[in-house]
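Encoded as structure tokens, the structure appears first; notes follow it.
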Amino acid sequence: MTEETPSKIPAFIREAVAEDLKNGRFNYVRTRLPPEPNGYLHIGHVKAFLIDYFTAQEFGGELYLRFDDTNPSKEETEFVDAIEDDASWLGIKWAKVTFASDYFDLLYDWAVRLVQMGFAYVDDQTQEEMSASRGTLPKGTKWSETESALKPGVDSPYRNRSVEENLDLLERMKNGEFAEGSRVLRAKIDMAHPNILLRDPVMYRIMNAHHHRTGDKWHIYPMYDWSHGQNDSMEGVTHSLCSNEYIIHRPLYEWFLQKLEAFPSRQIEFSRLNLTYAMMSKRKVRKLVEEGIVRGWDDPRLTTLRGLRRRGVTPEAIINFVTSTGETKNDSYVEMAQLEAIIRDDLNKRAARRMAVLRPLKLVIDNYPDDMVEEMDAVNNPEDPSAGTRKVPFSKVVYIEQDDFRETPPPKYFRLFPGNEVRLRYGYLVRCTHVVKDDAGNVTEVHCTYDPATKGGDAPDGRKVKSTIHWVSAAHAMKAEVRLYEQLFTVERPDDGDLDSIINPNSLEALTDCYLEPALKNASLSDRIQFERTGYFCLDLDSTPEKPIFNRTVTLKDSWAKEQKKGQVE
RNA sequence: UGGGGCAUGGUGCAAUGGCAGCACACCAGCCUUUGGAGCUGUGGAUCUUGGUUCGAAUCCAGGUGCCCCAGCCA
């Protein structure tokens, strides 16, 4: 009996790759991960990363990390480092790091070959002229409500220049003899092609920008279509996996490689990941950062990898999420609840349990000796016995959660109220006797009596209480700030909306008066902690020993909150 | 009046001609020293019309709906 490890890549990709191996198109597998270094990675990128990585892995192949740095006006080294850092944090391993710019010389040679074969020419038209001569899409598409029909493009007046003239002009473009935007090199395909991408696509444009790696050497830079496939081929990439929007580029991808008789890399597409309440548009996320709506690219409310990371989500949870949602060619929107469920599942297994009171209310145990302190045994993780136990100090005055006391309890409220008995977790059974109020009528102290026979929380007489609440000894508590996060947006699809009207003003609530059990003093940045009954938390990057700060990664499921909500609706 | 892609519960994914299943969400219950976790159960789907077949989510034909494409962005 051999247990097969389940595949982490979708069947349609697995089968396509297997077929290429079987029929001899390739005898090895190499994939590539092609980020453009112009921003930080977000969770939408992870899916593509993982498909590339796992495809190589499953077929015993290798992965290259290749930065697509063909547009010097937008790209920066800062992002190269950040992307490498994020990808390795995820656990992705690559055989080597390359850059599209590593191939600029070879690519230029290939362009010259195409010109020599008569498949490319230099066009002197202005951008407007080129656009106008490309033809139009028919009425009904989003670009054209008024145009009545599809119109074929018309040939550029420069389309039939001689090979010699093209070669000369291309050389001079490369040498920086012409102004930016004055000329381009175009492939010579078909100006009437139904696929507009094949209407003589631009290969090179003139740019005098400074490139982060090649400096000022180049005055022409390749377009995506004249670079990506060629780089794949030059690197011996067998399978170039990308998102559905590139499907229409595939004929062009193949056209170039066929004309050049180059290594036949194969492009395969899949749908990109969409997540509700997540902003995937780089441009819009940048705006959030620039306008100060969030605190930076690593704001825990963002679904950038850095944000998720700072929030306390583990790489394993992210990988579980992406592989469990699966990959197809369907357009889809995964619910944020799905991500949260997987984060909870992951953290439930690994997080140490601790007690923390976020909104404190003083509870005084009147019959407990004034100066007595007891060390109570508390379980670190009921899901993991090997995590052991710890001691938690207990004394006469403790803090409990404001939510855990009601002077007049609503229906089905099991927590503390006058006359009711509850368990202080790992402590004692206590019964509420009376409250103390301030002048405004707010409860400032809850008074209880405890049953000394119930140390640890078990009643020898077998009596049950309906509720167990958490607490922190006032004399031993560690004070901290706790940041609670909610959805950043009020709508499911923030990429579609107008930014100003979709921001949730309550997405961050910073509680500065929280009391934590003393064991939390030893918390480190990599720790994952469950504050019992509240949620999963981790130390924030801004935290210092003098001023500890914790982030809420995700709440626990809260059936009482749900019950209350139901009561409001009905 | 172009080209391309995609249609399975609310959401995401399976079922590769043979009992439509899983996860999340939802609802009900059990259990519980976390109103957590866990467990049990209910409801709910093959876009449509026709065809092939003993048998169709799957194959064929037509229709419908949604998405992508006119950057010297990637």
Side-chain angles (χ1 to χ4, degrees), chain A residues 10-11 15 34-36 38 68 70-71 73-74 123 126-127 130-132 134-144 147-153 180-186 193-199 202-207 220-221 223-225 227-228 242-251 269 271 276 324-342 344-345 348-349 353 355 378-379 382-383 412-415 423-427 429 456-458 464-470 530-535 555-563:
Chain A
E15 284 160 11
E36 184 189 13
N38 71 344
D68 229 335
T70 57
N71 188 342
S73 67
K74 298 166 71 169
D123 195 341
T126 64
Q127 208 167 143
M130 269 186 60
S131 177
R134 190 151 25 222
T136 57
L137 259 26
K139 187 176 179 177
T141 61
K142 75 176 178 189
W143 299 277
S144 174
E147 282 295 340
S148 56
L150 173 110
K151 285 193 299 218
E180 258 185 40
S182 61
R183 286 180 168 84
V184 294
L185 182 74
R186 300 177 79 175
H193 198 102
N195 179 345
I196 291 199
L197 281 165
L198 298 188
R199 318 244 262 224
V202 172
M203 295 166 62
Y204 278 115
R205 77 281 212 187
I206 299 173
M207 291 177 96
I220 55 174
Y221 288 92
M223 300 289 291
Y224 168 87
D225 284 310
S227 171
H228 200 97
C242 61
S243 52
N244 283 341
E245 57 201 285
Y246 293 100
I247 288 175
I248 50 167
H249 292 251
R250 196 186 334 122
E269 312 84 6
S271 67
T276 61
S324 71
T325 50
E327 299 98 1
T328 62
K329 290 174 93 86
N330 302 349
D331 290 348
S332 63
Y333 255 91
V334 181
E335 290 175 340
M336 184 63 87
Q338 183 106 26
L339 208 211
E340 289 179 349
I342 282 177
R344 282 191 193 101
D345 183 59
N348 179 44
K349 290 175 199 141
R353 315 292 134 124
M355 293 197 283
V379 173
E383 303 293 318
K412 295 184 187 169
Y413 187 85
F414 306 141
R415 278 112 94 147
R423 174 167 34 237
L424 294 178
R425 176 151 235 226
Y426 303 125
L429 263 37
D458 283 313
K464 302 279 186 200
V465 291
K466 292 207 79 169
S467 187
T468 299
I469 65 175
H470 61 275
Q530 184 194 105
F531 290 174
E532 294 221 22
R533 304 206 303 136
T534 323
T555 62
L556 253 25
K557 277 206 278 188
D558 188 346
S559 49
W560 167 239
K562 195 184 268 185
E563 189 71 37

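These numbers come from the heavy atoms of this one structure, side chains and all, not from hydrogens, waters or symmetry mates. Chain letters run A, B, ... following the sequence lines, proteins first and then strands; every chain starts at 1.
Along RNA chain B, the nucleotide closest to A:Arg250 and the one closest to A:Ile469 are compared, and the more 5′ of them pairs with A:Arg250. With RNA chain B read from its 5' end, the first of the two nearest nucleotides for A:Asn348 and A:Lys562 is the one closest to A:Lys562.
Rounded to whole Å, the separation between the C1' atoms of B:C24 and B:A56 comes to 29 Å. Rounded to whole Å, the separation between the P atoms of B:C26 and B:G38 comes to 14 Å. A gap of 47 Å separates the P atoms of B:C27 and B:C54, to the nearest Å. Between B:G43 and B:A7, the distance separating the two P atoms is 28 Å to the nearest Å. One P atom belongs to B:A20, the other to B:G35, and the distance between them is 42 Å to the nearest Å. B:A14 and B:U52 have their C1' atoms separated by 26 Å, with the value rounded to a whole Å. Between B:U8 and B:C67, the distance separating the two P atoms is 15 Å to the nearest Å. Taking atom C1' on both B:U64 and B:A23, the two are 30 Å apart, rounded to the nearest angstrom.
Scored by the side chain to side chain contact (heavy atoms under 4.5 Å, CB included) test, A:Ala11 finds A:Arg14, A:Glu15 as partners (sequence neighbours excluded). Every residue two or more places apart in sequence or in another chain was checked for a salt bridge (Lys or Arg N to Asp or Glu O under 4.0 Å) with A:Arg353, and none qualifies. For A:Arg205, there are no salt bridge (Lys or Arg N to Asp or Glu O under 4.0 Å) partners, not counting sequence neighbours. Here A:Ser271 pairs with A:Lys47, A:Asn244, A:Thr328 under the side chain to side chain contact (heavy atoms under 4.5 Å, CB included) rule; sequence neighbours left out. Residues forming a ring-ring contact (aromatic ring centres under 6.0 Å, His included) with A:Tyr426 (at least two apart in sequence, or on another chain): none. Take A:Asp345 and apply the salt bridge (Lys or Arg N to Asp or Glu O under 4.0 Å) test, not counting sequence neighbours, and it matches A:Lys349. With sequence neighbours left out, A:His228 forms a ring-ring contact (aromatic ring centres under 6.0 Å, His included) with A:Tyr224. Take A:Arg415 and apply the salt bridge (Lys or Arg N to Asp or Glu O under 4.0 Å) test, not counting sequence neighbours, and it matches A:Asp404.
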Between protein and nucleic acid, restricted to nucleotides 72-74 of chain B and to nitrogen or oxygen atoms under 3.5 Å apart, what atom pairs and distances do you find?
| from | atom 1 | to | atom 2 | distance (Å) |
| --- | --- | --- | --- | --- |
| B:C72 | OP1 | A:Arg134 | NH2 | 3.4 |
| B:C72 | N3 | A:Gly181 | O | 3.3 |
| B:C72 | N4 | A:Gln125 | O | 3.3 |
| B:C72 | N4 | A:Gly181 | O | 2.9 |
| B:C73 | OP2 | A:Arg205 | NE | 3.1 |
| B:C73 | OP2 | A:Arg205 | NH2 | 2.8 |
| B:C73 | O3' | A:Arg205 | NH2 | 3.3 |
| B:C73 | O2' | A:Asn71 | ND2 | 3.4 |
| B:C73 | O2' | A:Lys74 | NZ | 2.9 |
| B:A74 | OP1 | A:Thr70 | OG1 | 2.7 |
| B:A74 | OP1 | A:Arg205 | NH1 | 3.3 |
| B:A74 | OP1 | A:Arg205 | NH2 | 3.0 |
| B:A74 | OP2 | A:Tyr224 | N | 2.9 |
| B:A74 | O3' | A:Asp68 | OD2 | 3.2 |
| B:A74 | N6 | A:His249 | NE2 | 3.3 |
| B:A74 | N3 | A:Tyr246 | OH | 2.7 |

Write out a two-atom table: protein N or O, nucleotide N or O from nucleotides 6-10 of chain B, distance below 3.5 Å.
| from | atom 1 | to | atom 2 | distance (Å) |
| --- | --- | --- | --- | --- |
| B:C6 | O3' | A:Asn330 | OD1 | 2.7 |
| B:C6 | O2' | A:Asn330 | OD1 | 3.2 |
| B:A7 | OP1 | A:Asn330 | OD1 | 3.0 |
| B:A7 | O5' | A:Asn330 | OD1 | 3.2 |
| B:G10 | N2 | A:Glu335 | OE1 | 3.1 |

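Ranking B:G12, B:G36, B:G3 by closeness to the A:Pro194 side chain, first place goes to B:G3. Among B:G3, B:U34, B:C24, the nucleotide with an atom closest to any side-chain atom of A:Ala341 is B:C24. For A:Lys557, whose side chain is taken as the heavy atoms from C-beta onward, the closest listed nucleotide among B:C13, B:C69, B:G36 is B:G36. With distances taken from any side-chain atom of A:Ala337 to the nucleotides B:U34, B:G3, B:C24, the minimum falls on B:C24.
Residue contacts for A:Ala561: at a heavy-atom cut-off of 4.0 Å it reaches no nucleic acid atom on any strand shown. At the heavy-atom level, A:Ser332 lies under 4.0 Å from the strands shown only through sugar-phosphate atoms.
Looking at A:Thr70 and A:Met223, their side chains never come closer than 4.5 Å, going by heavy atoms from C-beta outward. In this structure, the side chains of A:Glu340 and A:Thr555 stay at 4.5 Å or more apart for every pair of heavy atoms.
With a glycosidic angle further than 90° from 0, B:G21 counts as anti.
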Note to self: Please convert RNA chain B into dot-bracket. A pair counts if it is Watson-Crick or G-U wobble with both distances under 3.5 Å; crossing pairs go in [ ] and bases paired with another strand get |.
What the structure shows: .((((((..((((....[..))))..((((.......)))).....(((((..]....))))))))))).....

Item checked: A:Trp560 vs A:Phe414, ring pair (Phe, Tyr, Trp, His ring centres under 6.0 Å): CA-CA, chis, key distance, verdict -> CA-CA 10 Å; A:Trp560 167 239; A:Phe414 306 141; 7.3 Å; no

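Look at CD on A:Glu532: it is 17 Å from P on B:U32, rounded to the nearest Å. Taking atom CZ on A:Phe414 and atom P on B:C31, their separation rounds to 13 Å, with Å as the unit.
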Item checked: Footprint string (nucleotides 43-48 of chain B, 5' to 3'): B base within contact, S backbone only, - free, heavy atoms under 4.0 Å -> ------

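Close to B:G2, at under 4.0 Å from its OP1 or OP2, lies no side-chain N or O of A:Lys151. Checking the phosphate oxygens (OP1, OP2) of B:G36, a side-chain nitrogen or oxygen of A:Ser559 falls inside 4.0 Å. Applying the 4.0 Å criterion to OP1 and OP2 of B:G35, one finds that A:Arg533 has a side-chain N or O inside that range.
Note that CD1 of A:Ile220 and CE of A:Met207 are 12.0 Å apart. Values are rounded to the nearest 0.5 Å. Once rounded to the nearest 0.5 Å, the distance linking CG of A:Asn348 with CD of A:Glu383 reads 4.0 Å.
Between the side-chain ring of A:Tyr333 and the base of B:G12, no stacking contact exists by the 5.5 Å and 30° definition.
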